[in-house]
Amino acid sequence: MNPLINNTSIFRLCIALFWTILIISGCQKESYFIYDTGVAINHEIIRVADTAGNTRVLVNAEAGWNAEMVDSSQKWAKITSGSGNGSGQFFIEFDSNVGNLPRQTKIVVQGGDKKDTILFQQRGIPTTIAIKDTLLTGIAAGGKMKSGIVANIPFELMKVEIKYLNPGSIDWISDVNIENGNSLVFSVAKTNETVDRIAILKLSYLDALGTLNQDSIKIKQKPKAGNDSDFAEGKDMTYVKSMLPTGIITENIFLEGIIISEKGNANLATNLNTAPGTVSPHENEVTFYLQDVNNQAGGILFKTKTSADNIFDQNERVKIWLKGTKITKYSNPTRYVIEDVANEHILEKNEGDPVQPKEVYMKDLTDQDIYTWVKLKDVEMSIPNGYFSNMHEGYASRVSVYASSIRDINRNNMYMLINTAVPYRTSAKLPQGSGTITGILVHDDIPRFGGDIGKYSLRPLNREDINLAENRENGFTRVIAEWSGYKTGDANPMLPDIGLEYGAKMSHSSKSILSGPDFNGPSVTTGGGYSVSGWWNAGKGESWIFELSTTGLTKPMSMQLEGGVIVGGPRNYVLEWSEDQNAGSWNLIDEYTLQDYVRAGSGTLYTQVAGYKVVDFALPMELLNKPKVFIRARVKNNQAGTNTSDTGGTITSVASRLGHVSIKENK
């Protein structure tokens, strides 16, 4: 017998030598013994870090031996000094595997008639399989289904298993795949069953280190609805919109259209507060938008009975059975909502061609465009500071949506609605330039921003829909004057950041100036804005006053204000201009409101906002090319909010705040 094995003392010496060499070589370089008369492998697995390096393997043998890679095509690892006679060593050099999946190759060590295998493994990123949905419900007609997935494993390496739970009902799920790296897709065959059929789809992957990663999704397919749907008559969107009276639809009809929304998107609808500090995601989960197949009759907002019934993806062509659903017509603007759509109302659902948005300027929008896919041309953020959702994040959980002001080259404006569940709303600074924004045209009343925020608003579905240039130089406007940030310690903290060459100044008629918070970021910072108290004196309102010269300026100009008030502060304002602030003659530009900030306690009103409100104005051409122009934002009346009402009080000596003011001209 081999004395290395039979002689206990020699064996222990070898083990001690092994651990000594291992400690000396450090963490990256690991050493291993291989020993037997021919050759025997004590360590069947060698595992190294994901960084590049080398490791040494010690061989104990009495005769010749040789080490070589089993698969020579795997170039990430190679053997050096791979042979010897008697006790010796060889090295394994390996490349970096940072950012990749763990990997493995085999090394064979042969001595005499003895041959054994080493599994050489290199660590990598942890494997991930995470299917977004736990349940998908398909329609009786079958078709393609989709769920979001996060996976860093190529689909071809995954094991796909389908367990059918209905006896005798198998093979009705096919074509399982991952598309675009983030969508798990599969096809469901048409069913003739009278009951739900159910299956479990599981994806799994066993990585090179022996770690199993897996996730599954339950798939339910509903049986066909009653016989009525077989005899439903197809109607176009013009017919459906003309149905009278509105209410429950009793006609046996269906409507065909193109889906322009996508299930699971966080920016489909304004969610509702179930309590002052709680927002329910229900409205967003049940909302989808159907556009006319020929884009001639606009679109309709639909709501499903449950979130599980909302199974629609963008660009799908569908047929919706309308009998038993509820249709409602709204005015100013004219729009239509159909509710109570259940799974059995979905007669067909197939992939369609991508919907091309209608490219349009804001001024050319009509009620026919409501609930359709549009691309606004030549637009910019009205105030491109901060984030898409400029709020105090401590209060964001109380708020469903932030209304972000956008404007275009024709000096029209509207609000872009960004829900607080949208992932990118505070992920990057706002783009400074101009471009296009694509989204679903909607009409929403947002109490936190004054209720009626305009006839039309826009809901982009993804960050890529907001295609604006990053730099201010790549925009259609030039800043003439800008105030952005309170300059603590300056002799005149209200001087502009831009506009000194135009003699730009900012003042207040009561001369009572304080610093205030700035909400142009993901958290509140003090000292960032302008704050004034004492707004109603001797039966009249005080005002912010902005002064500048417009000499030589001949192109259309605009003004942007960002502000808010503490509860009890003035809500209603008049924007005016004059050539002489002491002459008493002021010309009306527009009127606007600011909102109360949310309260620190639990008694937040649904009319209070967790940040500033932005308003945008087209300035009259008459104020151009003047040696001196004054613009004032004057308090209109003594109305103010209270802790229980947004309009039920009168102004107290509390602050009104401006976070940013800018005056621009078109280039």
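Counting from 1, the numbers follow the sequence of the chain as shown. Both backbone and side-chain heavy atoms feed into the values below; hydrogens, waters and symmetry mates do not.
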Review point. For V360, does its backbone N or O pair with a side-chain atom of D364 as donor and acceptor, under 3.5 Å?
Key: no

Review point. Short question: side chain of E482, backbone of V661 - any donor-acceptor pair under 3.5 Å?
Key: no

Review point. Is a side-chain donor-acceptor pair under 3.5 Å present for Y456 with D367?
Key: yes

Practice item. In plain terms, say whether K377 and E359 are close enough for a salt bridge, that is, a side-chain N and a carboxylate O under 4.0 Å apart. Key: no

Revision key, fill the gap. Taken to the nearest 0.5 Å, the spacing of L575 CG from L588 CG works out to 8.0 Å

Exercise for review: May I have the step-by-step check of side chain to side chain donor-acceptor pair (under 3.5 Å) for N587 and E622, ending in yes or no?
Suggested key: CA-CA 10 Å; N587 305 288; E622 289 84 354; over 6 Å; no

Review point. Where is the tightest heavy-atom contact between I545 and S543, given as atom of each residue plus distance?
Key: CG1-OG, 3.8 Å

**Study point:** Ion pair check, K363 and D408, cut-off under 4.0 Å
**Key:** no

**Study point:** Separation between NZ of K263 and CD of E285, rounded to the nearest 0.5 Å
**Key:** 11.5 Å

Check your understanding: So do the side chains of I406 and N413 get within less than 4.5 Å of each other, counting heavy atoms only?
Key -> no

Check your understanding: Looking only at atom types and distance, does a side-chain atom of D444 sit under 3.5 Å from a main-chain N or O of I446, one as donor and one as acceptor?
Key -> no

Study note, to complete from the structure: Interatomic distance, CG@N637 vs OH@Y573, rounded to 0.5 Å, equals 10.5 Å

Point to revise | Non-hydrogen atoms of N273 and R448 that approach each other most closely | key: OD1-NH2, 3.3 Å

Practice item. Could you pull out all residues at least two apart from R411 that satisfy salt bridge (Lys or Arg N to Asp or Glu O under 4.0 Å)? Key: none

Exercise for review: Would you confirm whether the ring centroid of F546 sits within less than 6.0 angstrom of the ring centroid of W483?
Suggested key: yes

Exercise for review: Determine yes or no for a side-chain-to-main-chain donor-acceptor pair under 3.5 angstrom, with T372 supplying the side chain and D369 the backbone.
Suggested key: yes

Check your understanding: Any cation-pi pair here, R632 with W586, using under 6.0 Å and within 45°?
Key -> yes

Review point. Does S434 reach the main-chain N or O of D378 with its side chain, forming a donor-acceptor pair under 3.5 Å?
Key: no

Check your understanding: Can E579 and K628 be said to form a salt bridge (charged side-chain N to carboxylate O under 4.0 Å, His left out), step by step?
Key -> CA-CA 6 Å; E579 293 183 62; K628 188 75 67 177; over 6 Å; no

Exercise for review: Decide side chain to side chain donor-acceptor pair (under 3.5 Å) for N412 and Y361; before the verdict, give the C-alpha distance in whole Å, the side-chain angles of both, and the deciding distance to 0.1 Å.
Suggested key: CA-CA 9 Å; N412 298 112; Y361 287 111; over 6 Å; no

**Study point:** Evaluation steps, side chain to side chain contact (heavy atoms under 4.5 Å, CB included), between Q608 and Q595
**Key:** CA-CA 6 Å; Q608 296 171 345; Q595 305 304 120; over 6 Å; no

Exercise for review: Determine yes or no for a side-chain-to-main-chain donor-acceptor pair under 3.5 angstrom, with N471 supplying the side chain and G433 the backbone.
Suggested key: no

Check your understanding: Does a side-chain heavy-atom distance below 4.5 Å link S307 with H282?
Key -> no

Practice item. Compare all side-chain heavy atoms of N271 with those of S280 and state whether any distance is below 4.5 angstrom. Key: no

Point to revise | Residue pair S578 / E576, side-chain donor-acceptor N/O under 3.5 Å | key: no

Review point. Heavy atoms, side chains only, cut-off 4.5 Å: are I338 and K303 in contact?
Key: no

**Study point:** For the student: nearest non-hydrogen atoms of L468 and V379, plus distance
**Key:** CD2-O, 3.4 Å

**Study point:** Note, I327 side chain near V240 side chain (heavy atom, < 4.5 Å)
**Key:** yes

Practice item. Give, for atom CD1 of I566 and atom OG of S533, the distance between the pair rounded to the nearest 0.5 Å. Key: 9.0 Å

Practice item. Verify, without hydrogens or angle tests, whether K667 (side chain) and G475 (backbone) share a donor-acceptor contact under 3.5 angstrom. Key: yes

Check your understanding: Within a strict 4.5 Å, meaning less than it, do heavy atoms of the V565 and W535 side chains meet?
Key -> no

Practice item. List in chain and number order the residues that pass ring pair (Phe, Tyr, Trp, His ring centres under 6.0 Å) with F630, two or more places apart in sequence or in another chain; answer none if no residue qualifies. Key: none

Review point. Which atoms form the tightest heavy-atom contact between K555 and E665, and what is the distance?
Key: CB-OE1, 3.8 Å

Practice item. For S404 and Y387, run side chain to side chain donor-acceptor pair (under 3.5 Å): C-alpha distance rounded to whole Å, both residues' side-chain angles, the deciding distance at 0.1 Å, then the answer. Key: CA-CA 9 Å; S404 193; Y387 297 79; over 6 Å; no

Review point. Do side-chain atoms of E547 reach the backbone of G503 as a donor and acceptor pair under 3.5 angstrom?
Key: no

Check your understanding: Taking atom types as modelled, is there a side-chain donor on R459 or T270 under 3.5 Å from an acceptor on the other?
Key -> yes

Point to revise | Which atom of D616 lies closest to which atom of S382, heavy atoms considered | key: CB-OG, 4.0 Å

Revision key, fill the gap. Residues at least two apart in sequence or cross-chain that pass salt bridge (Lys or Arg N to Asp or Glu O under 4.0 Å) with K636, listed by chain then number, are E591

Practice item. Would you check, one step at a time, whether the test ring-ring contact (aromatic ring centres under 6.0 Å, His included) holds for Y424 with F388? Key: CA-CA 8 Å; Y424 62 81; F388 287 111; 5.7 Å; yes

**Study point:** Residues which pass salt bridge (Lys or Arg N to Asp or Glu O under 4.0 Å) with K540, listed by chain and number, not counting sequence neighbours
**Key:** none

Review point. Would you say V615 and F617 make side-chain contact, with heavy atoms under 4.5 Å?
Key: yes

Check your understanding: Quick check: does any side chain N or O of N295 sit under 3.5 Å from a backbone N or O of D292, one acting as donor and the other as acceptor?
Key -> no

Check your understanding: Is a donor on one side and an acceptor on the other found under 3.5 Å between the side chain of N284 and the backbone of L268?
Key -> yes

Practice item. Could you grab the distance from atom CG of L605 to atom CG of D646, nearest 0.5 Å is fine? Key: 7.0 Å

Point to revise | Test of ring centre spacing under 6.0 Å for Y395 and Y597 | key: no

Revision key, fill the gap. For residues 648-667, the ring pair (Phe, Tyr, Trp, His ring centres under 6.0 Å) pairs (sequence neighbours left out) are none

Exercise for review: Please tell me if the side chains of V532 and E542 come closer than 4.5 Å, counting only heavy atoms from C-beta onward.
Suggested key: no

Practice item. Describe, in one word, how the ring planes of Y371 and Y289 are oriented to each other, choosing from parallel (under 30°), tilted (30 to 60°) and perpendicular (over 60°). Key: tilted

Point to revise | K613 and E562: CA distance, side-chain angles, deciding distance, salt bridge (charged side-chain N to carboxylate O under 4.0 Å, His left out) verdict | key: CA-CA 6 Å; K613 176 182 177 180; E562 179 186 57; over 6 Å; no

Practice item. Could you check T477 against E380 for side chain to side chain donor-acceptor pair (under 3.5 Å), going step by step and ending with a plain yes or no? Key: CA-CA 9 Å; T477 55; E380 67 179 10; 3.0 Å; yes

Revision key, fill the gap. Rounding to 0.5 Å, atoms OG (S457) and CG (D445) come to a distance of 9.0 Å

Review point. Can you name the ring pair (Phe, Tyr, Trp, His ring centres under 6.0 Å) partners of Y336, sequence neighbours left out?
Key: none

Check your understanding: How far apart are the closest heavy atoms of G659 and Y612, and which atoms are they?
Key -> CA-CE1, 3.5 Å

Check your understanding: So does K241 have more than 12 non-hydrogen atoms from other groups sitting under 6.0 Å from NZ?
Key -> yes

